[in-house]
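For reference, the structure discussed in these notes is given below.
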There are 2 protein chains.
Amino acid sequence: MHGYDKHAFEPFAVTVDLAVLTLRAGALHVLLVERGQEPYAGRWALPGGFLLPAESAETAARRELAEETGLADVTGLHLEQLRTYSEPDRDPRMRVVSVAFAALLPDPPEPHGGGDAAEARWVPYDEARGLAFDHDRILADARDRVGAKLEYTCLATAFCPAEFTLGELQQVYETVWGTALDRPNFRRKVLATPGFVEPVPGAARLTGGRGKPAAVYRAGAAATLHPPLLRTPREGRPA
Amino acid sequence: MHGYDKHAFEPFAVTVDLAVLTLRAGALHVLLVERGQEPYAGRWALPGGFLLPAESAETAARRELAEETGLADVTGLHLEQLRTYSEPDRDPRMRVVSVAFAALLPDPPEPHGGGDAAEARWVPYDEARGLAFDHDRILADARDRVGAKLEYTCLATAFCPAEFTLGELQQVYETVWGTALDRPNFRRKVLATPGFVEPVPGAARLTGGRGKPAAVYRAGAAATLHPPLLRTPREGRPA
DNA sequence: CCTTTTATAGTCGCAATGACTATTAAGGGG
DNA sequence: CCCCTTAATAGTCATTGCGACTATAAAAGG
C-alpha cells in the first residue's frame, strides 16, 4: 500500500520533542521552555521544533538539543528515540506528528541555554506538571523508559561526567528509581559486570569533603548488563 | 520552539509500516506484499500505508493490519510501536516519515488477506531480504525488539492461540531466539512466574500424536516477568 | 585523640537456575 | 499384546546471584 496514487494523503507537520534529563542536587530535572504564544501561551513545554526539509528526526533532535541547552558540543550526549505521538487532536491548530526523544546529560551544564528560546529552565521532574500539549505524557514516558533501561543497559553512565565515583553512579539509580540501594551490594554488582565501568588508575576523589576518598571510574565498553541490575520487584503488578 | 511563525515548516507524508510476525512450522514468518509500482516495483515490502486525516498512527496501523491479513477481528492482536524512520532519502520520490509497528499473530490465519493488496504472502524471516525502502532494517529492528521483550515481558503468549501448551510457548522462545531451551527448566520458570500462564482446568491436548498429552494453559494477567527469563548471555558484547 | 563520615572488604544464607535423571502417558510396530 | 519410541512432567544437585549485614580503612572536624 505504498502506492501514492491509490490513496490521497494528507500532509502533516512533523516535529521533534525532547525530554532532556539531568541529575541536579540529587533530583531528576528536565529542561523546559516557556511558550510565548498560543496555544498554551505562558505554559511550560518540552523543547522541540519542526523538522527541516533535509533532516532526519535524529538530526533535528540533536540540533534542538544544542540550541536549547546552549552547549557547544552535544555529540557525546545520549540521545534516544522514545516513540511518536500522533493523536489527531494533540495540537489544537493542525495535525502535528511528533517524534519524541530522551536526552541524558551529566549534571547541569548551564542554568539555561541561549539561542532563540524564549526561556529555558531546569525544572525538578516532580514539579514539571501541566505542560503544554501532551508533554506530560511524553515526559512520563521518558522517565519510565530511562528507569527501565537502567536495569539492563549501561545507560546510567550517560548521567555522569567522564570520570565518576561508584557513589555517584549509585545516586543515578537511586534518583531515577526513587529507591535506596545497598552500597556494598551495588558496588559488587557493578564491578562484577565486565565492561560496565573501568577504573582510572591513580585517581581518587574526595566526594564531599568528609570521608574516605573514592576511587574514580569511567564508562566501559559494554552497552548492556548481563545479568541485569533489577529493581526490587514491587508487589503484584497485574497490568 | 513550537511557534509556527518562527520557522517555516515542510509538510511531510506520514505512513505506517508493519512488521507482522507469526510462527509457522517452527519458523518465524513475516507478512510481505509485492510492490506493483515504482519505486521498487516487483520487490517485496512490509505492508503499510498513509495516515488518514483523522487517524493516529496506532489507528492506521490496526486498520492496515486488518486489511492486509484479511482477518475480521484484529482487536486482540498485539500491536506495538517500534520507532519512526525519517531519513530524508528513505523514499526516492519525496519526504516520507514512517512510523513502524510490530504486530504478533498466533499461527498463520490465512495464506494472505484480501483487500486491495496486490499480493500478500507469509515469508520465512530468513528469506525476507532485499525488501523495498529501508524495510530490511525495520524488519531486523522488529525482530530484535521482540526477542528482547520476550526476556522481561509476557509477550510470547501473543504468538500463541487462546489456549496453548507449555511446549508451544517454549517453541516461541526457541524460534525467536534461535536457541534451544531445557524443557523442565523452562516449565519450572514459567509456572513459578505468577500471572504468566494459568491452567485450563480439565484440558489436555495431544501435541503431535505421539507422546504424553500436554496440559493446556491460557495467558495470565501479568504483563512483565519478574525476574526475567534471560537468554544465555552470549560472550562479550562490547557494543 | 576521638568522633563522624564515607568508601571498601568480606560473610552468611536464601532463591534462582543450569545440568541432569527419573517417571508417566500416549502411539506404533512387530 | 508387549515392547519401543516419543513427549510431558517430576524431581535432584550444585553453583551463582544477590539481599542483608558486619567489619575495616581513610579522610575531616572538634
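The basis for the numbers below is simple: all heavy atoms, side chains too, and nothing from hydrogens, waters or symmetry mates. Naming convention: chains lettered A, B, ... in sequence-line order (proteins, then strands); numbering from 1 in each chain.
Nucleotide C:dT6 holds its P atom 12 Å from the CD atom of A:Q170, rounded to whole Å. In this entry the distance linking CG of B:L229 with P of C:dA15 reads 20 Å, nearest Å. Here the P atom of nucleotide C:dA16 and the OH atom of B:Y152 are 21 Å apart, to the nearest Å. In this entry the distance linking CG of B:L181 with P of C:dA19 reads 11 Å, nearest Å. The distance between atom CG of A:L191 and atom C1' of C:dA7, rounded to the nearest whole Å, is 12 Å. Separating the CG atom of A:N185 from the P atom of C:dC12 is a distance of 15 Å, rounded to the nearest angstrom. Between the C1' atom of C:dG18 and the CG atom of B:L230 lies a distance of 13 Å, rounded to the nearest Å.
Residues B:P184 and A:R188 both approach DNA chain C. Their nearest nucleotides, taken by heavy-atom distance, put A:R188 toward the 5′ side. Both B:P213 and A:K212 lie near DNA chain C, and the one whose nearest nucleotide falls closer to the 5' end is A:K212. Map A:P228 and B:L166 each onto its nearest nucleotide of DNA chain D; the residue landing nearer the 5' end is B:L166. When each of B:E168 and A:K189 is assigned the nucleotide of DNA chain D bearing its nearest heavy atom, the one mapping closer to the 5' terminus is B:E168.
Note that CG of B:L181 is 11.0 Å distant from CD of B:Q171, once rounded to the nearest 0.5 Å. Taking CG of A:L21 as the reference point, atom CZ of A:R145 lies at 12.5 Å (rounded to 0.5 Å).
For the 3.5 Å distance criterion, the side chains of A:D141 and A:Y85 qualify, holding a donor opposite an acceptor.
Of all non-hydrogen atoms in B:L139 and B:A19, the two that sit nearest each other are CD1-CB, 4.3 Å. Residues B:L46 and B:H135 come closest through the heavy atom pair N-ND1, 3.0 Å.
Taking the side chain as every heavy atom from C-beta outward, B:R231 and B:T179 never approach each other to under 4.5 Å.
Within the 4.0 angstrom heavy-atom criterion, no nucleotide atom of any strand lies near A:A192. B:R183 comes within 4.0 angstrom of a nucleotide base, judged by non-hydrogen atoms across all strands.
Below 30°, between 30° and 60°, or above 60°: for B:Y173 and B:W177 the angle between ring planes is above 60°, a perpendicular geometry.
For DNA chain D, the contact window with chain B, defined by any atom under 4.0 Å from a protein heavy atom, covers D:dT6 to D:dT12 in 5' to 3' order.
Closest to the B:D182 side chain, of the nucleotides C:dT11, C:dA19, C:dA7, is C:dA19.
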